[in-house]
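Report on one structure; see the data block that follows.
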Amino acid sequence: MTAIPNGKASPARTEESLTISETPRDVSTSVDMTKRLFDALNVYHDIASRSAALNMAIDEALLETAEIPTIRFYTWDHPALSFGYFGKFADMENHAPQRDLARRWTGGGIVFHGDDLTYSIVIPATEPAFSESSRSIYERIHNALRDALVSEGRDAVVAAVADCGSGVSDADYNGHCFANPVRADVLSNGRKIAGAAQRRTRRGLLQQGSIQGIQLANKFADQFANELCSECYHKTLDEHLIARAHEIAERKYGAASWLQRR
């Protein structure tokens, strides 16, 4: 996943997939960066073995149903690849024999999954944080991620403009996400270790992120969640949500019409 998408929706569209590469600005002057992003947070540790299509569908099902901010952590027991909504399938096709492919609903570039910790964050439209800019949300989530890494004694910084390129556009970006750090990605020893992409709808905001290339402690996910919110509630995905996700996967993420739409 690349930083935040900059593909902007036309006035007629109600949904937006974001990988921001807009003019740099200091968001800390308008947002209290010391306050945790959420007042309450549901936390899911999803350890089940799932296809790439179903993982994407669960994230969308959470966006449909979440009543408070939600974070879901998941890992992969098989090689997979996700690519952004605007990606070209022809550029991914050669990976199909070795990897489970999925087109994300969010933007950004190619992410290789297998050894990474993947997460999704859902912010319902009723939440105060939803009113913040997409860049601000992205940066605040990555500040929390950095703080969780630093608490483990890791070297980690949130990239400033000088640390990275000028950004990428969803419309023409199909590269390997972790080869192209942009502003507010998380770096360790000068190397990108965390990026994400977003989609904003009437229901809320979905951010999908990946942390890779670094060994994480067993409790890291909980530490990350605690940096986002001090009131965390651990939940289990219920059968109704999983059933809804299977419906979405069959209709959308698991269908050739979605995977090969571009």
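Just so it is clear, the values below take in all heavy atoms, side chains as well, and ignore hydrogens, waters and symmetry mates. Here the structure is a predicted model, which means the values were calculated and not measured. Throughout, residue positions are numbered sequentially from 1 according to the sequence presented.
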Open item on the list: Can you confirm whether the side chains of Ser120 and Gln208 place a donor and an acceptor under 3.5 Å from each other?
Closed with: no
Open item on the list: Pairing donors with acceptors under 3.5 angstrom, does anything connect the side chains of Asn189 and Arg154?
Closed with: no
Open item on the list: Below 30° counts as parallel, above 60° as perpendicular, anything between as tilted: where do the rings of His45 and His234 land?
Closed with: parallel
Task: Atom of Leu187, atom of Lys192 and distance for their closest heavy-atom approach - done: CD2-CA, 3.5 Å
TODO: Would you check if Leu149 and Leu216 make a side-chain contact, meaning some heavy-atom pair closer than 4.5 Å?
DONE: yes
Task: Single-linkage hydrophobic cluster, 4.5 Å side-chain cutoff, Ile137 and Phe130 together - done: yes
- [ ] Please examine the side chains of Phe224 and Ile71, heavy atoms only from C-beta on, and report whether any two atoms are closer than 4.5 Å.
- [x] yes
Open item on the list: The criterion is salt bridge (charged side-chain N to carboxylate O under 4.0 Å, His left out); which residues satisfy it with Arg103, sequence neighbours excluded?
Closed with: none
Task: Validation row: Tyr253, Leu101 side chains within 4.5 angstrom (heavy atoms) - done: no
TODO: Could you check Arg146 against Glu227 for salt bridge (Lys or Arg N to Asp or Glu O under 4.0 Å), going step by step and ending with a plain yes or no?
DONE: CA-CA 9 Å; Arg146 175 208 57 205; Glu227 294 292 346; over 6 Å; no
Task: Atom of Gly108, atom of Ala197 and distance for their closest heavy-atom approach - done: N-CB, 4.5 Å
Task: ring pair (Phe, Tyr, Trp, His ring centres under 6.0 Å) partner of His113, chosen from Trp76, Phe83, Tyr119 - done: Trp76
Task: Whether over 12 other heavy atoms sit under 6.0 Å from Glu67 CD - done: no
Task: Taking every non-hydrogen atom, the tightest pair across Ala57 and Ala249 - done: CB-N, 3.6 Å
TODO: For Arg36 and Ser230, work out which heavy atoms get closest and say how close.
DONE: CD-N, 3.4 Å
Task: Test item: side-chain donor near acceptor, Tyr138 and Asn143, under 3.5 Å - done: no
Task: Results of salt bridge (charged side-chain N to carboxylate O under 4.0 Å, His left out) for Glu93 - residues two or more places apart only - done: none
TODO: Starting at CG of Asn42, measure out to CD of Glu231 and round the result to the nearest 0.5 Å.
DONE: 12.0 Å
TODO: Answer yes when Glu139 and Arg183 have at least one side-chain N-carboxylate O distance shorter than 4.0 Å, and no when they do not.
DONE: yes
Task: side chain to side chain donor-acceptor pair (under 3.5 Å) assessment of Asp100 paired with Ser51 - done: CA-CA 7 Å; Asp100 182 14; Ser51 68; 4.9 Å; no
Task: Tyr85 ring center within less than 6.0 Å of Trp258 ring center - done: yes
Open item on the list: So, using salt bridge (charged side-chain N to carboxylate O under 4.0 Å, His left out) as the criterion, who are the partners of Asp155 when residues are at least two apart?
Closed with: none
Task: Lys/Arg-Asp/Glu bridge criterion (N-O < 4.0 Å) met for Arg140, Glu132 - done: yes
Open item on the list: Check Glu64 with Arg244, please: is the shortest side-chain N to carboxylate O separation under 4.0 Å?
Closed with: yes
Open item on the list: Count I, L, V, M, F, W, Y as connected when their side-chain heavy atoms are under 4.5 Å apart, and connections chain through other members. Are Leu205 and Ile68 then in the same cluster?
Closed with: no
- [ ] Could you tell me which non-hydrogen atom of Leu228 sits nearest to which non-hydrogen atom of Ala144, and how far apart they are?
- [x] CD2-CB, 3.7 Å
- [ ] Compare every heavy atom of Ile123 with every heavy atom of Ala129, then report the nearest pair and how far apart it is.
- [x] CB-CG2, 4.2 Å
TODO: Among Asp116, Thr118, Asp59, find the one that has a side chain to side chain donor-acceptor pair (under 3.5 Å) with Tyr74.
DONE: Asp59
Open item on the list: Is a donor from one side chain sitting under 3.5 angstrom from an acceptor on the other, for Arg199 and Thr106?
Closed with: no
Open item on the list: Is there a side-chain contact between Leu206 and Arg200 in this structure, where contact means two heavy atoms from C-beta onward sitting under 4.5 Å apart?
Closed with: no
Open item on the list: Quick one, Leu37 and Glu127 - any side-chain contact, counting heavy atoms below 4.5 Å?
Closed with: no
Task: Heavy atoms of other groups near Glu247 CD, more than 12 under 6.0 Å - done: yes
